[in-house]
Amino acid sequence: MLFSRMFIPTMKEDPKEAEVVSHRLMLRAGFIKKLSSGIYTWLPLGLRCLRKVERIVREEMDGKAAQEILMPSVQPKELWVESGRWDLYGKELLRFRDRNDRELCLAPTHEEVITDLVRKEVRSYRELPLILYQIQTKFRDEIRPRFGVMRSREFIMKDAYSFDTDEQGAEKSYMAMFDAYTNIFGRCGLRFRAVEADTGEIGGKFSHEFMVLADTGEDVIISCEECGYAANLERAEVGRAGAPSDKTGGSYSRVRTPGKKRVEEVAAFLNVAPHDLVKTLIFTTDRGTVGVLVAGDREVNPVKLKNMLAFKFVELADEAAIEQATGGPLGFSGPIGLDIPLYADNDLLSMSAFVVGGNERDVHVVGVERDDFKVEGHYDLKVARAGDVCPRCGGRLTATRGIEVGHIFKLGTKYSEAMNAVFLDPEGKDRPMVMGCYGIGVGRTVAAAIEQNHDENGMALPFAIAPFEVEVLPVNTSHAESMEIAGSLYRALLAHGVDTILDDRDERPGVKFKDCDLIGIPLRVTIGERGLKEGKVDIKTRNDKEPVRVPKEEVLERVMEHVNAAKSR
Ligand code: ATP
Ligand code: MG
């Protein structure tokens, strides 16, 4: 491709709306263009990256015998009513009516349509297992679209769905997809981690998020360097710390803490550490009002609370419910004398002489022991953080940030039961298919790659997904020998199947170098008059500071060495 012919609407100024590097660079380098909030056009350079990611995705999916299809993005309401999600999905689901007043939606995901397809076409256990996938446009009316294509409203997703006859089969499909995802993100040249994620109502161990490691990521990953345990913050477990306290109770006293409500205020006033306080949080649940106790410097993780104690829903209680349950106002709840079920975090096991709320305005209780109130039990209920004990090996947990680029999930029979997707087993009995679903944000993967690979001059994309692999850059386009060498190298590289761009523009060298760095082309060959006087040209990788000068006769061979090394990585 000739640079002069490329449609690259770059931006000179930094776009104001861009909060993260990838968004800023994608706009500046002419990868994407905003149409309206959370809705973008992919321009030629960006689309080249996107297509390269897609190609890798297709190869790996096909490698696991998944078959590509393409489903519609406009879907009838009826299917969503059948699955129960028409009412559950909320405002992210964009709904509208056609000329016949039929209700439709723009697909945020495709479980309904795929389940409908498979239930109609698959009859017998002989036709299973089946994995189908597509690369297709999704629409989710996100509350706060941001970071460009990283969290947009319209975006491109690869979604795959597996159908098996039983749990074991479903687990095999799941592992095949896990494997494919590991290959995909590895081949894209990304540093990533597969982390355990919440499985919600399905339960079990079969949900992983694939996270690209980047400081700007929205998600927190808790992991253990020693044993490899990794989970997202929502799910991350914490091991027990500290020896259990054996102090007996009965020696507490009530003290006045006028106007002191927040943990730090109470701790400072009583001259103790925040960790010496116990917070009593009142939750409304499907089993009525309950209290949850955590150390003052920790937070309750509502997802763990819900899963651990098998609640259908948990929600912080409002002021009225708190007053009704405790007799005191918000901010002064405590466990002593409460007659609602109390659940304590494991930290309380080792705490002694702690401070709790007095269930009365401006009153706290000091010198409290575990004996002084009754709990249903001690559980792992708090939000994990760096420095906590690893739940698997007892090592120390660390926290890193990541961008979720993929999510694999065992669905079980949730949709097949709701929508009656059954097959005949060998005994001739109807059984629901066991399903899995597997998503990759293709556009988000491009953005995450930039987030992870850039410097002050622009993108530094991995070879496998960069818009071009090599740029041939003649410094002075009116110098005949430069142009001749550049032209023949360019043609030779194309003939060798190397994705090459020739910067044939009559621009200042500084402008050309800047653009090449901004776009993040992994390998640059600079052909200048000065070098040619010695019969040499310069080869530079995007991540090296200095070029390597090579004899012009060897340049093709040397470039091919780089290319082949990058391809075999
Ligand atoms: P998130 O928690 O980031 O909202 P999600 O759990 O809603 O993601 P899934 O429904 O599992 O995402 O979708 C599969 C993949 O699609 C995600 O892993 C992500 O890479 C991508 N994705 C989801 N929402 C968006 C979006 N608004 N913009 C771009 N990509 C998205
Ligand atoms: Mg989402």
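As the structure is a computational prediction, the values presented were derived from the model and not from experiment. Both counts, for ligands and for their atoms, begin at 1 and track the order of listing.
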**Q** What is the closest protein heavy atom to atom 30 (N) of ligand 1, and at what distance does it sit?
**A**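 Its nearest protein heavy-atom neighbour is F155 CD1, 3.4 Å.
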**Q** Using heavy-atom distances only, which candidate in M211, R140, R151 approaches atom 5 (P) of ligand 1 most closely?
**A**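 It is R140 that holds the nearest heavy atom.
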**Q** Answer yes or no: does an N/O atom from V405 fall short of 3.5 Å to an N/O atom of ligand 1?
**A**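 Yes - when backbone and side-chain N and O of V405 are compared with those of ligand 1, one distance drops under 3.5 Å.
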**Q** For this output row, return yes or no: ring centroids of W80 and Y89 closer than 6.0 angstrom.
**A**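 Ring-ring flag for W80/Y89: true, centres closer than 6.0 Å.
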**Q** Considering residues, nucleotides and ligands other than K514, do more than 12 of their heavy atoms fall under 6.0 Å from its NZ?
**A**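 Not buried by this count: 12 neighbours or fewer within 6.0 Å.
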**Q** Just need the protein heavy atom nearest to atom 11 (O) of ligand 1, so name the residue and atom and give the distance.
**A**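 Of every protein heavy atom, H407 ND1, 3.2 Å lies nearest to atom 11 (O) of ligand 1.
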**Q** Output the list of atoms in ligand 1 that are nearer than 4.0 Å to some heavy atom of G441, sorted by atom number.
**A**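 Listed by number with element: 15 (C), 16 (O), 20 (O), 21 (C).
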**Q** Ring-plane angle category for Y40 and H23, please: parallel below 30°, perpendicular beyond 60°, tilted otherwise.
**A**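 Perpendicular: the ring planes of Y40 and H23 meet at over 60°.
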**Q** Find all atoms of ligand 1 within a distance of less than 4.0 Å from any non-hydrogen atom belonging to V149, and give their numbers and elements.
**A**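 The atoms of ligand 1 under 4.0 Å from a heavy atom of V149 are 29 (C).
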**Q** Relative to the heavy atoms of S152, which atoms of ligand 1 are at a distance of less than 4.0 Å?
**A**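 Here the atoms of ligand 1 in question are 26 (C), 27 (N), 28 (N).
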**Q** Among H407, E196, K410, R235, which residue satisfies the side chain to side chain donor-acceptor pair (under 3.5 Å) criterion with S207?
**A**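 The single option meeting the side chain to side chain donor-acceptor pair (under 3.5 Å) with S207 is H407.
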**Q** Looking at K64 and D179, does any basic side-chain N land under 4.0 Å from a carboxylate oxygen?
**A**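 Result for this pair is yes, salt bridge flagged.
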**Q** Between F311 and R287, is there a cation-pi geometry (under 6.0 Å to ring centre, at most 45° from the normal)?
**A**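 Geometry flag: set, cation within 6.0 Å and 45°.
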**Q** Can you confirm whether or not the ring centre of F206 sits under 6.0 Å from the ring centre of Y174?
**A**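 Yes, close enough.
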**Q** Look at atom 25 (C) of ligand 1 and say which protein heavy atom is nearest, naming residue and atom and giving the distance to 0.1 Å.
**A**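 Scanning the protein heavy atoms, the shortest distance from atom 25 (C) of ligand 1 goes to R444 NH2, 3.3 Å.
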**Q** Run the numbers for me: atoms of ligand 1, each under 4.0 Å from some heavy atom of G406, listed by number.
**A**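 Every atom of ligand 1 under 4.0 Å from some heavy atom of G406: 18 (O).
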**Q** In ligand 1, which numbered atoms sit nearer than 4.0 Å to a non-hydrogen atom of E142?
**A**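 Result: 24 (N), 26 (C), 27 (N).
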**Q** May I ask you to identify, for M157, whether its side chain, its backbone, both or neither come under 4.0 Å of ligand 1 on a heavy-atom basis?
**A**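 For M157, only side-chain atoms sit under 4.0 Å from ligand 1.
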**Q** Applying a heavy-atom cut-off of 4.0 Å, say which part of D159 lies close to ligand 1: side chain, backbone, both or neither.
**A**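 The answer is neither; D159 stays 4.0 Å or more away.
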**Q** Can you confirm if the aromatic rings of F178 and H208 lie within a centre distance of less than 6.0 Å?
**A**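 Centroid separation for H208 and F178: below 6.0 Å.
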**Q** Could you check atom 17 (C) of ligand 1 against the protein and tell me its nearest heavy-atom contact, residue, atom and distance included?
**A**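 Protein heavy atom at minimum distance: E404 OE2, 3.3 Å.
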**Q** Determine, stepwise, if the pair S173 / E171 fulfils side-chain hydrogen bond (donor to acceptor under 3.5 Å, both in side chains).
**A** CA-CA 5 Å; S173 295; E171 284 166 23; over 6 Å; no
**Q** Is M150 near ligand 1, meaning one of its heavy atoms is under 4.0 Å from it?
**A**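 Judged by the 4.0 Å heavy-atom criterion, M150 does count as contacting ligand 1.
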